[in-house]
Amino acid sequence: MEKLVLFFIALLLIDTAFAQQIPELAVAKATYNFIHVRDTNNRSKPYEEEMLLMLGKNSSRFTSNVRFKQELEFITGIESQIKANGGSLNGLTIKSNRKRATLNEDYLTFFNENKTALVTRLINYYLVEDSIPKINWEIKKDTANFSGIKCQKATAWFGGRNWIAWFASALPFQAGPWKLNGLPGLIIEAYDDKKDIQFLFTGFEATNISEKDRPQQQLTKGLDIFALANEIKAPNKAIKTTKEELKKLVKASNENPAGFAKAQLSGTPFAQLAELASKTNVAAPNANPAPIMNNPIEIK
């Protein structure tokens with residue numbers, strides 16, 4: 001229960017402004033149904049989640065669409081309360097809208113910089129940067145249509161799996177779900193040859209957002225709803241770390257979520273609020289046993 005409450009308090013710590021850099025706006029968004037056979041001994045019950053791919057001209061962000069919607073709803077509600085309280089946190093009511101656990105990782109790709117950023121949300125944000133993985137796609141002659149979008153087939157060996165991807169040359173984005181990239185058009189659908197991992201296309205839309213829509217300043221400090229909804233970037237206060245250190249942090253968070261969260265918020269203006277919220281009687285979704293994971297997306 002404490003983990004659920006503190007997860008949402010942590011959203012108040014978001015500082016979505018980049019110093020000395022204006023992030024790209026998403027010009028389009030694609031959605032996918034992500035299906036992952038996490039436990040090969042229980043293939044009939046794969047993990048599923050609705051995912052969102054935000055597309056800029058030279059960048060992309062792949063995130064949980066479930067969490068994306070929850071965060072927008074939560075921050076909008078918090079901002080309304082703060083405004084009603086004259087900018088004060090006193091009397092703030094935290095109402096969890098989190099119905100289920102979601103993936104807490106975002107994959108950002110910046111093509112002009114040949115850079116990727118893995119952002120993991122563990123109360124604070126942790127950032128692991130890397131170069132864009134090179135995927136040696138073999139483009140086939142096969143074609144197919146997905147929701148009226150004409151696509152062409154491509155195959156590649158990547159991350160220990162044989163991938164099949166369908167890309168749309170009419171949509172000039174070199175991005176795709178997860179780490180998949182590098183085809184001459186948006187990757188509309190992708191899966192491995194065993195179909196243990198599937199990214200199934202569910203929709204595409206232009207955002208109709210331009211620079212003239214970007215607010216000149218935030219109405220409430222630290223709660224930039226426009227940025228969260230439309231900008232492709234990592235949080236400015238994300239803590240840079242390594243893959244190895246991140247694994248240790250994830251392990252600590254899983255073993256003692258409440259203690260880990262309070263330690264993360266210690267010394268911030270929200271420490272007292274976190275302590276109070278941890279004692280709040282908030283209804284949590286039915287607890288489920290920790291999922292078995294013997295089949296990660298990236299095998300090697």
Side-chain angles (χ1 to χ4, degrees), residues 2-26 52 54 56 59-64 67-68 70-79 81-82 87-89 92 94 98 102-110 113 115-130 214-250 252-253 257-275 277-278:
E2 286 181 314
K3 182 177 181 180
L4 181 70
V5 177
L6 290 167
F7 174 88
F8 284 99
I9 296 175
L11 292 179
L12 296 175
L13 293 172
I14 294 174
D15 181 353
T16 49
F18 257 138
Q20 300 178 345
Q21 183 177 352
I22 299 176
E24 274 198 329
L25 296 177
L52 171 68
M54 299 173 65
S59 61
S60 67
R61 174 192 174 196
F62 187 63
T63 186
S64 164
R67 173 165 48 80
F68 179 79
Q70 288 175 350
E71 289 180 358
L72 281 178
E73 179 184 345
F74 178 81
I75 293 177
T76 300
I78 292 295
E79 184 181 62
Q81 289 188 62
I82 292 174
S88 172
L89 293 175
L92 196 66
I94 298 172
R98 195 183 188 206
T102 60
L103 298 176
N104 66 343
E105 296 178 334
D106 287 5
Y107 293 91
L108 295 96
T109 306
F110 304 96
E113 303 172 57
K115 185 176 72 175
T116 64
L118 168 62
V119 178
T120 303
R121 207 176 260 94
L122 296 173
I123 304 302
N124 285 319
Y125 289 80
Y126 290 90
L127 174 68
V128 177
E129 294 184 334
D130 205 345
R214 197 193 299 263
Q216 295 302 307
Q217 64 182 58
Q218 298 169 215
L219 296 177
T220 306
K221 182 176 177 57
L223 299 178
D224 191 342
I225 296 172
F226 177 88
L228 178 63
N230 300 292
E231 294 181 349
I232 300 174
K233 60 185 177 181
N236 190 46
K237 292 184 178 179
I239 302 167
K240 287 189 177 182
T241 188
T242 64
K243 293 178 182 179
E244 292 72 23
E245 288 301 316
L246 180 62
K247 287 180 182 178
K248 294 178 183 178
L249 288 165
V250 170
S253 175
F260 180 85
K262 290 177 183 178
Q264 292 277 291
L265 292 171
S266 177
T268 73
F270 300 95
Q272 184 177 3
L273 182 59
E275 181 67 31
S278 68

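Residues take their numbers from the sequence shown, with the count starting at 1. Side-chain atoms are counted along with the backbone in the values below, which use heavy atoms only and exclude waters and symmetry mates.
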Peer 1: Not counting sequence neighbours, which residues clear side-chain contact (heavy atoms from CB on, under 4.5 Å) with Leu246? List them please.
Peer 2: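 Only Leu118, Thr120, Leu122, Tyr126, Val128, Thr241, Val250 meet the side-chain contact (heavy atoms from CB on, under 4.5 Å) criterion with Leu246.
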Peer 1: Once side chain to side chain donor-acceptor pair (under 3.5 Å) is applied, do any residues pair with Thr63, and if so which ones, sequence neighbours excluded?
Peer 2: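 Listed in chain order: Arg67, Asp106.
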Peer 1: With rounding to the nearest 0.5 Å, note down the distance linking OG1 in Thr102 to CZ in Phe68.
Peer 2: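 These two atoms lie 13.0 Å from each other.
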Peer 1: Identify the two heavy atoms, one from Ser59 and one from Glu24, that lie closest to each other, and give their separation to 0.1 Å.
Peer 2: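 Minimum heavy-atom contact is OG-OE1, 2.6 Å.
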Peer 1: Return the set of residues passing side-chain contact (heavy atoms from CB on, under 4.5 Å) with Lys247 (not counting sequence neighbours), or none when no residue passes.
Peer 2: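 For Lys247 there are no side-chain contact (heavy atoms from CB on, under 4.5 Å) partners, ignoring immediate neighbours.
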Peer 1: With rounding to the nearest 0.5 Å, note down the distance linking CG in Asp130 to OG1 in Thr242.
Peer 2: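 Reported to 0.5 Å precision, the distance equals 11.5 Å.
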Peer 1: State which residues pass side-chain contact (heavy atoms from CB on, under 4.5 Å) with Thr109; sequence neighbours excluded, sorted by chain then number.
Peer 2: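 For Thr109, the residues satisfying side-chain contact (heavy atoms from CB on, under 4.5 Å) (neighbours in sequence not counted) are Ser60, Phe111, Thr116, Ile132.
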Peer 1: Is there a donor-acceptor pair closer than 3.5 Å between any side-chain N or O of Glu231 and the backbone N or O of Pro23?
Peer 2: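 Pair absent, no side-chain N/O of Glu231 close to backbone of Pro23.
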Peer 1: Testing the basics here: between Ala229 and Met54, what is the closest heavy-atom pair and its distance to 0.1 Å?
Peer 2: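 The answer is O-CE, 3.5 Å.
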Peer 1: Please name the pair of heavy atoms, one in Ala238 and one in Leu127, separated by the smallest distance, quoted to 0.1 Å.
Peer 2: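 That would be CB-CB, 4.0 Å.
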Peer 1: Tell me every residue that passes side-chain contact (heavy atoms from CB on, under 4.5 Å) with Lys115, counting only those two or more places apart in sequence or in another chain.
Peer 2: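 Here the qualifying residues are Phe110, Glu113, Glu129.
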